[in-house]
S.K.: 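Submitted below is the structure of interest, expressed as structure tokens.
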Amino acid sequence: MSARSVLFVRSWKARAALGAAVATTIPKRLLLGKGAPLNMASRVFSTAQDRASTIGAASEEQILVEERPHTRIVILNRPQQLNALSYWMVEYLEQCYKYWEEDKNVHLVIMKGSGRAFCAGGDVAEVFHLGSGGKFDESTRFFHKEYNMNYILGTYRKSHVALLDGIVMGGGNGISMHGNFRVATEKTVFAMPETALGLHPDVGASYFLSHLCGYLGEYLGLTGARLDGAELFASGLATHFVPSERLAELEKRLQNLNSGDLDIVNSAINEFSEKIKPKEGSPLYRLAQIDKCFSKNSMEEILNALEFEGAKVDDNWYEATLRALRKASPVSLKITLRSIREGRHQSLYDCLVREYRMTARCVFRKISTDFYEGCRAIVVDKDRNPKWDPATLELVTPAVVDHYFLPFETNTEELQLPARHFEQAARISPTPRL
């Protein structure tokens, strides 16, 4: 862990002093709802100039904020896009969260999504079009802003509850997994599918995946495997499982707490939570097999182990896992494996700085165009037939992998994360709940 990774400030007064200037930077339009009736949602708007200057800005209200006594409820509101994050949304989340952190009247923040998704990730289609047009600085600007928001959540001083009632993938995990409480339901669908897009699990995923038990993180990050709500809870990525039909009651209970004390919030969620086991055939029951294969030192060895073990038993899981890996970008697989392995020994700060270097190299496409080819095949043309280059793992040399991890030539190009009060220990449970 680097010397600047964690800034410990023990007293709350000192912590507040460090961020005292934050409130003065919040636009007045964020303050308008402060005295509004408590049963009224205060909507967050941007000016026309803001909308014209940000990535993926849309005319609809992409974020709604409801005010309650001591509680703020954030609603991601792009249901047609599965609440995919635009630059504008991330920018406003960052401003709101900074302001609420210094507001003594706010004790708890709840985040949820409208429609059938919590958040399906970042709006990579917009990044694809910008990068394809040679606007690399604008493309990386989105990730720079997104990773800043991830770090703010991972170091947040107020209690945070994410209601994962639907799809939560990619960037959606970046605005939930780093918080205190992640509530899964029977509608939850989790994944980090970036290797199929020619990218890598980012938004701090090399941090939270690497803190799972054994080598489950490598399995999830490399294959893009999906987990349902019960599996997410069993893995430790979700802190609670609550039936979807009881979320409204839970939300009302949390609003009436008038407290952000972690033990009190946890107890309140426990009133609605259920102890649930993963379904038969879940990868959570295959942790021994996952560890045996995904603990290997290289991608080639991982595939060889899956082939060797699969040949000894009549088990479709091995072949399905091999198919998923063979469909992914070879470059993405190799940089992802190294990223998660390094994340085991790094702080969230260090993981995000490294992930930004990796992402920028994917966007700049000097070594490989796999990010653009993956987006084309999966998001734009949707033919699901990407042509990776390099095409095989053997062609992805150590020098190619090293390129993605090298520091930039100038410090100004590096990810500039905000000076924060403290960085908490990993909020992911390393012990599976089976």
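Note that these values count all heavy atoms, side chains included, but never hydrogens, waters or copies made by symmetry.
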S.K.: Give the ring-plane orientation class for Tyr372 versus Phe128, where under 30° counts as parallel, over 60° as perpendicular and anything between as tilted.
M.R.: tilted
S.K.: Going through the distances and angles, do Asp350 and Ser347 end up as a side-chain hydrogen bond (donor to acceptor under 3.5 Å, both in side chains)?
M.R.: CA-CA 5 Å; Asp350 292 324; Ser347 66; 3.2 Å; yes
S.K.: Please give me the minimum heavy-atom distance between Asn266 and His240, naming the atom from each residue.
M.R.: OD1-NE2, 2.9 Å
S.K.: Could you tell me if the ring centre of Tyr97 sits under 6.0 Å from that of Tyr156?
M.R.: yes
S.K.: Compare every heavy atom of Gly171 with every heavy atom of Leu85, then report the nearest pair and how far apart it is.
M.R.: CD1-O, 4.0 Å
S.K.: Walk me through it: do Lys292 and Glu309 pass the test salt bridge (Lys or Arg N to Asp or Glu O under 4.0 Å)?
M.R.: CA-CA 9 Å; Lys292 192 167 189 177; Glu309 297 297 327; 3.6 Å; yes
S.K.: What are the two closest non-hydrogen atoms of Gly115 and Pro79, and how far apart are they?
M.R.: CA-CB, 4.4 Å
S.K.: Using the side-chain hydrogen bond (donor to acceptor under 3.5 Å, both in side chains) rule, take Arg344 and Ser210 through it: C-alpha gap first, then chi angles, then the decisive distance, then the call.
M.R.: CA-CA 5 Å; Arg344 271 191 171 83; Ser210 65; over 6 Å; no
S.K.: Charged N to carboxylate O under 4.0 angstrom, Glu102 versus Lys158?
M.R.: no
S.K.: Do side-chain atoms of Arg78 reach the backbone of Ala84 as a donor and acceptor pair under 3.5 angstrom?
M.R.: yes
S.K.: What's the verdict on salt bridge (Lys or Arg N to Asp or Glu O under 4.0 Å) for Lys296 and Glu218, showing C-alpha distance, side-chain angles and the deciding distance?
M.R.: CA-CA 10 Å; Lys296 305 303 181 184; Glu218 278 89 339; over 6 Å; no
S.K.: Does a sphere of radius 6.0 Å around CD in Glu409 hold more than 12 heavy atoms from other residues, nucleotides or ligands, not counting ones at 6.0 Å or beyond?
M.R.: no
S.K.: Where the side chain of Ser339 meets the backbone of Ser206, is there a donor-acceptor pair that is under 3.5 Å apart?
M.R.: no
S.K.: For atom CZ of Phe308, decide whether the heavy atoms of other residues, nucleotides or ligands shown that lie under 6.0 angstrom number more than 12.
M.R.: no
S.K.: Report the distance from atom CG of Asn83 to atom CD1 of Ile175, rounding to the nearest 0.5 Å.
M.R.: 8.5 Å
S.K.: Looking only at heavy atoms, which two atoms of Pro283 and Leu227 are closest? And how far apart?
M.R.: CG-CD2, 4.2 Å
S.K.: Could you check whether any side-chain N or O of Ser329 sits under 3.5 Å from a backbone N or O of Asp370, counting only pairs where one atom can act as donor and the other as acceptor?
M.R.: no
S.K.: Could you go through Glu300 and Lys334, starting from their C-alpha distance and side-chain angles, then the distance that decides it, and tell me whether this counts as salt bridge (Lys or Arg N to Asp or Glu O under 4.0 Å)?
M.R.: CA-CA 9 Å; Glu300 290 87 347; Lys334 286 203 171 183; 2.8 Å; yes
S.K.: Closer than 3.5 angstrom, by distance alone: can the side chain of Glu355 be matched with the main-chain N or O of Val203 as a donor-acceptor pair?
M.R.: yes
S.K.: Side-chain contact test, heavy atoms from C-beta onward, threshold under 4.5 Å: evaluate it for Trp100 versus Val74 and give yes or no.
M.R.: yes
S.K.: Please check this pair: side chain of Tyr219 against backbone of Gly224, looking for a donor-acceptor N/O pair closer than 3.5 Å.
M.R.: no
S.K.: Apply the test side chain to side chain contact (heavy atoms under 4.5 Å, CB included) to residues Ile335 and Val396: give CA-CA distance (whole Å), side-chain angles for both, the deciding distance (0.1 Å), then the verdict.
M.R.: CA-CA 10 Å; Ile335 65 175; Val396 183; over 6 Å; no
S.K.: Take atom CZ in Arg326; do more than 12 heavy atoms of anything else shown fall under 6.0 Å from it?
M.R.: yes
S.K.: Quick test of your reading of the model: are Asp228 and Lys187 salt-bridged, counting only N-O distances below 4.0 Å?
M.R.: no
S.K.: Evaluate ring-ring contact (aromatic ring centres under 6.0 Å, His included) for Phe208 paired with His178, printing each intermediate quantity in order.
M.R.: CA-CA 8 Å; Phe208 64 75; His178 302 299; 5.6 Å; yes
S.K.: Report, as yes or no, whether the 6.0 Å neighbourhood of atom NZ on Lys312 holds more than 12 heavy atoms from other residues, nucleotides or ligands.
M.R.: yes
S.K.: So, are Arg116 and Asp165 salt-bridged, with charged N and O less than 4.0 Å apart?
M.R.: no
S.K.: Does a sphere of radius 6.0 Å around NZ in Lys135 hold more than 12 heavy atoms from other residues, nucleotides or ligands, not counting ones at 6.0 Å or beyond?
M.R.: no
S.K.: Could you pull out the closest heavy-atom pair between Ser259 and Val265, with the gap in Å?
M.R.: O-CG2, 4.0 Å
S.K.: Go through the structure and list residues passing side-chain contact (heavy atoms from CB on, under 4.5 Å) with Pro386, not counting sequence neighbours.
M.R.: Glu373, Ala377, Trp388
S.K.: Starting from the C-alpha separation in whole Å, work towards a yes-or-no answer on side-chain hydrogen bond (donor to acceptor under 3.5 Å, both in side chains) for Ser282 and Glu231.
M.R.: CA-CA 7 Å; Ser282 168; Glu231 292 169 324; 2.7 Å; yes
S.K.: Any side-chain heavy-atom pair from Leu325 and Leu303 closer than 4.5 angstrom?
M.R.: yes
S.K.: Check the pair Thr195, His200 against side-chain hydrogen bond (donor to acceptor under 3.5 Å, both in side chains), reporting the backbone distance first and the verdict last.
M.R.: CA-CA 5 Å; Thr195 59; His200 62 96; over 6 Å; no
S.K.: Donor-acceptor check, side chain of Glu414 to backbone of Val353, threshold 3.5 angstrom: yes or no?
M.R.: no
S.K.: Considering only heavy atoms from C-beta outward, does the side chain of Thr71 approach that of Asn258 to under 4.5 Å?
M.R.: no
S.K.: Using atom types as modelled and distance alone, determine if a side-chain donor or acceptor of Ser159 lies under 3.5 Å from a backbone N or O of Leu108.
M.R.: no
S.K.: Taking CG in Asp383 as the centre, count heavy atoms belonging to other residues, nucleotides or ligands within less than 6.0 Å. Is the count above 12?
M.R.: yes
S.K.: Hey, what do you get for OH (Tyr215) to CG (Leu337), rounding to the nearest 0.5 Å?
M.R.: 10.5 Å
S.K.: How about Tyr356 and His144: are their ring centres within less than 6.0 Å of each other?
M.R.: yes
S.K.: Hey, is Glu413 close enough to Arg357 for a salt bridge, meaning N to O under 4.0 Å?
M.R.: no
S.K.: Tell me if a side-chain donor or acceptor on Asn105 pairs with a main-chain N or O of His70 at a distance below 3.5 Å.
M.R.: no
S.K.: Give a yes or no on this: more than 12 heavy atoms of other residues, nucleotides or ligands lie within 6.0 Å of atom CZ of Arg365.
M.R.: yes
S.K.: Quick one: OG on Ser332 to CZ on Phe371, what's the gap to the nearest 0.5 Å?
M.R.: 10.0 Å
S.K.: When rounded to the nearest 0.5 angstrom, what is the spacing between CZ in Arg246 and CZ in Arg253?
M.R.: 11.5 Å
S.K.: Can you measure from CD (Glu251) to CD1 (Ile73) and round to the nearest 0.5 angstrom?
M.R.: 4.5 Å
S.K.: Indicate the atoms forming the closest heavy-atom contact of Ala162 with Ser176, along with that distance.
M.R.: CB-CB, 3.7 Å
S.K.: Roughly how far apart are Ile264 CD1 and Ser267 OG, rounded to 0.5 Å?
M.R.: 7.5 Å
S.K.: Hey, does Tyr207 have a side-chain heavy atom less than 4.5 Å from the side chain of Asn150?
M.R.: no
S.K.: Is the backbone of Ala399 close enough, under 3.5 Å, to the side chain of His403 for a donor and an acceptor to pair up by distance?
M.R.: no
S.K.: Is the shortest heavy-atom distance from the side chain of Glu186 to the side chain of Phe241 under 4.5 Å?
M.R.: yes
S.K.: Verify whether the ring centers belonging to Tyr87 and Phe142 lie closer than 6.0 Å.
M.R.: no
S.K.: Within the side chain of Asp261, is there an N or O that forms a donor-acceptor pair under 3.5 Å with the backbone of Asp263?
M.R.: yes
S.K.: Taking only residues two or more places apart in sequence or in another chain, which ones pass side-chain contact (heavy atoms from CB on, under 4.5 Å) with Glu342?
M.R.: Arg338, Gln346, Arg354, Phe405
